[in-house]
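See below for the structure under consideration.
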Amino acid sequence: MMDIPKGPKSTLVRKFQEEEASPASPHEENSSPTNNGSTGKLTSTIQLARPFLTRNQIIHAHSKNVENQVAFDQRRSQVFSFLMKASSSLKFPARVLETSMYYYQRYYILNRFDINTYLDVAVTCLFVASKNEDTIKKLRDILALTNQLRSQTLSSEQSEIYRKKILNFESKLLETISFDFRNFHSEEFLIKFNKVLHKSKSDSYLSWLILFDSYQTEISLKLPPHVIALSSIILASKLEDHRASFKVDFKKFGCDEKLVNEGLLDLLSLYINSFNNTNLSVTHNDYEIRFMRIKVEFDESKPGFIKDIESTVLNKDEFFNQRDFSNGERRYMLESQKKRLYSEIGK
Amino acid sequence: MDPFEARLQFIQLLETLTPSTLAIQKTISYALKNHELHEDFHSVILEKLEHLDLNSRLNILHFIESLITVIVSNNDQTEKPYIKNFEKDLLLIYEKLIPTNNLINLTQCVESLKSIEQKYNFDSRDLFEKFNSVDSKSLTNESNNDIQNLISNTENTFEKSWWFLILMKRKSLQNRVDQIQGMSEVDENPNYNFTKDQILSRIESDRERHKKFKESNWIINRVNLRVDREEFDKIWDQYNELNDDDYQDLQELNEIVNESYQI
């Protein structure tokens, strides 16, 4: 029996009373036991990581957290070029930059977009990405550089306060990603797939450039790394040879065709709408005209996409609810740990 | 300070050298402060390489590497001390690091040679590949004498050193093959058996060195803020085709996606 509490207290998860707890069905992922003892209401919430979301789940999340989508998108490209400058100066490899771009977008799935702090969030993302990618830089070094890039001069006292502020953002970011530190690298799959397909090194280089550009879009929020890699490879071969097919042996690469189509769609709209902001425009400037043709051909192939989730289901999904950290305890889990949770509830 | 005193202090520094950045920095600044004595100090280094144990010799090698880095990156000095002498005696230094039949320092020497030759703007990619390709099957292709001749006939000090490292790797492999086939006894040269303390300190130092290595092994230098071919080449060499573990990863990823979308 489910008991959804009313009132202002909104937690991320459904709650039900312990004595009535029954093993949750597969659709009740966000369940949590509630300690309804005599001491009052201590709520315990379970927060799942859910690292990938569908297109309309993202729109749904933004509708809650972003007031002005146009301004948000503008700031996002500003932040990405800022991150690119910072990570080049700090000599980080591409994967650190990519992870930080993912974190930045991830942050605004569950947190309200604030025009005053988005660059601080960006700095935090770079810092956390450098830790998770094992390319450690001290926060002081990162801040010294990013402050310079932002022409922000701080006294030593102010710097210290600012550093603490970033550390606060860090813990917020970590909670937002549910302490999910699994990082699969799309470039790893890209190289491996290219080698399986016996692609030449220069063809593979083109697909790698596309992959790098793809992080400017929401693709990393949506799709798992191997799908992004395969989409980039398909687009690269299409650019080099117009007879190439959109279809490959998807099973061989463990990819769902619909997801690959989603990836292709995102990549094509990136290159059609903002070719000049991409890395590819520097090295392959003459390719711009090819994208329109590929897009037409892609639409003609009648690609299948993942189905939109109905808004009633979305509205019920408590994952997207505003968080309330004021009371109770929170437990962060990866999806695969759910089974353990169910067995605990069963007792 | 009179040269004799300076020499004694320098010896003291070398003998107590550890892999920590602090200790190495201290020795470097001492060496640079007294750079007019660099001929003297060079002979001290060679002498110490002869007498200290293998762990300390490795510390000295890392000191040499860092010292070269500092001097080369310092542009305003017209006269660069130490640099010429190190180049001249590089082979000698490596011979001290890797005595016959003890290869404990070999991997570190390869890394350091790669980094040192860069400072002298020398590129030996093919020799490095040659080093990597040495295995028990390729032993019969060339004889050790050929390589020995190469070492004595080559002019370039870096090529000499590479051939020496190749030779050492071959010799050790040869030795191992012979032991497996029962053709030779296990050589127990008491000079190179480590005491327990030495082994422990080696573990500690290796850990420290690895930590330091990880601080910089990922560095990518980009021109114009753009990703380039060089960065790609590095990643390209990092991975092979899909293997069984990868297929398992792919399957797990797909499960994560399904759980994550919740559709």
Is chain B contacted by the side chain of A:Ser202, its backbone, both, or neither, given a heavy-atom distance below 4.5 Å?
both
Measure distances from A:Glu188 to the heavy atoms of chain B and classify the residue's part below 4.5 Å as side chain, backbone, both or neither.
both
Taking everything shown except B:Gln251 itself, do over 12 heavy atoms lie less than 6.0 Å from its CD?
no
Distance under 6.0 Å and angle within 45° of ring axis: A:Lys91 vs B:Trp218
no
Are there residues of residues 107-116 of chain B that reach to under 4.5 Å of chain A by heavy atoms, and which ones?
none
Within the distance-only criterion (no hydrogens, no angle test), does the side chain of B:Arg222 pair as donor or acceptor with the backbone N or O of A:Phe92 below 3.5 angstrom?
yes
Checking heavy-atom separations under 4.5 Å from chain B, one finds in residues 135-142 of chain A A:Thr135, A:Ile136, A:Lys137
Gap separating the CZ atom of B:Arg226 from the CZ atom of A:Phe212, nearest 0.5 angstrom:
8.5 Å
Heavy atoms from other residues, nucleotides or ligands near CZ of B:Arg176 exceed 12 (cutoff 6.0 Å)
no
CD of B:Gln9: more than 12 outside heavy atoms within 6.0 angstrom?
yes
Within the distance-only criterion (no hydrogens, no angle test), does the side chain of A:Lys201 pair as donor or acceptor with the backbone N or O of B:Trp236 below 3.5 angstrom?
no
Validation row: A:Pro224, B:Ile256 side chains within 4.5 angstrom (heavy atoms):
no
A:Lys192 and B:Asp246, any side-chain heavy atoms less than 4.5 Å apart:
yes
Taking side chain as everything from C-beta outward and backbone as N, CA, C, O, which of these in A:Asp134 sits under 4.5 Å from a heavy atom of chain B? Side chain, backbone, both or neither.
both
Regarding A:His226 and B:Asn254, is there a side-chain donor-to-acceptor distance under 3.5 Å anywhere?
yes
Does atom CD (B:Gln25) have a neighbourhood of more than 12 heavy atoms from anything else shown, all under 6.0 Å?
yes
Interatomic distance, B:Phe232 atom CZ to A:Leu211 atom CG [nearest 0.5 angstrom]:
10.5 Å
Check: B:Gln262 and A:Arg50 side chains under 4.5 Å, non-hydrogen atoms:
yes
In this structure, are over 12 heavy atoms from other groups packed under 6.0 Å from B:Asp244 atom CG?
no
So for A:Val282, is it side chain, backbone, both, or neither that comes closer than 4.5 Å to the heavy atoms of chain B?
side chain
Quick check on A:Leu209 against chain B: is it the side chain, the backbone, both or neither that has a heavy atom closer than 4.5 Å?
side chain
Within residues 199-210 of chain B, contacts to chain A at heavy-atom distances under 4.5 Å involve none
At a heavy-atom separation under 4.5 Å, does A:Leu259 approach chain B through its side chain, its backbone, both, or neither?
side chain
Quick one: pull up CG in B:Leu250 and CZ in A:Phe193 and give me the separation to the nearest 0.5 Å.
5.0 Å
Look at atom NZ of A:Lys195 and say whether more than 12 heavy atoms of other residues, nucleotides or ligands are closer to it than 6.0 Å.
yes
So which heavy atom on A:Leu53 is nearest to which on B:Ser260, and how close?
CD2-O, 4.4 Å
A:His60: ring pair (Phe, Tyr, Trp, His ring centres under 6.0 Å) partners, not counting sequence neighbours
A:Phe320
Taking B:Tyr261 for its side chain and A:Lys222 for its backbone only, find out whether a donor-acceptor pair lies under 3.5 Å.
yes
At what distance, to the nearest 0.5 angstrom, does CD1 of B:Ile235 lie from OG of A:Ser204?
12.0 Å
A:Thr283 portion near chain B, given a 4.5 angstrom heavy-atom threshold:
neither
Distance (rounded to the nearest 0.5 Å) between B:Asp228 CG and A:Tyr205 OH
6.0 Å
Under 3.5 Å, is there a donor-acceptor pair between the side chain of B:Glu231 and the main chain of A:Ala94?
yes
Check for a donor-acceptor pair, side chain of B:Tyr239 on one end and backbone N or O of A:Phe189 on the other, with a separation under 3.5 Å.
no
Enter the distance from B:Ile220:CD1 to A:Arg95:CZ here, rounded to the nearest 0.5 Å.
8.5 Å
So which of B:Lys214, B:Glu252, B:Glu215 has the largest heavy-atom pair count under 4.5 angstrom toward chain A?
B:Lys214
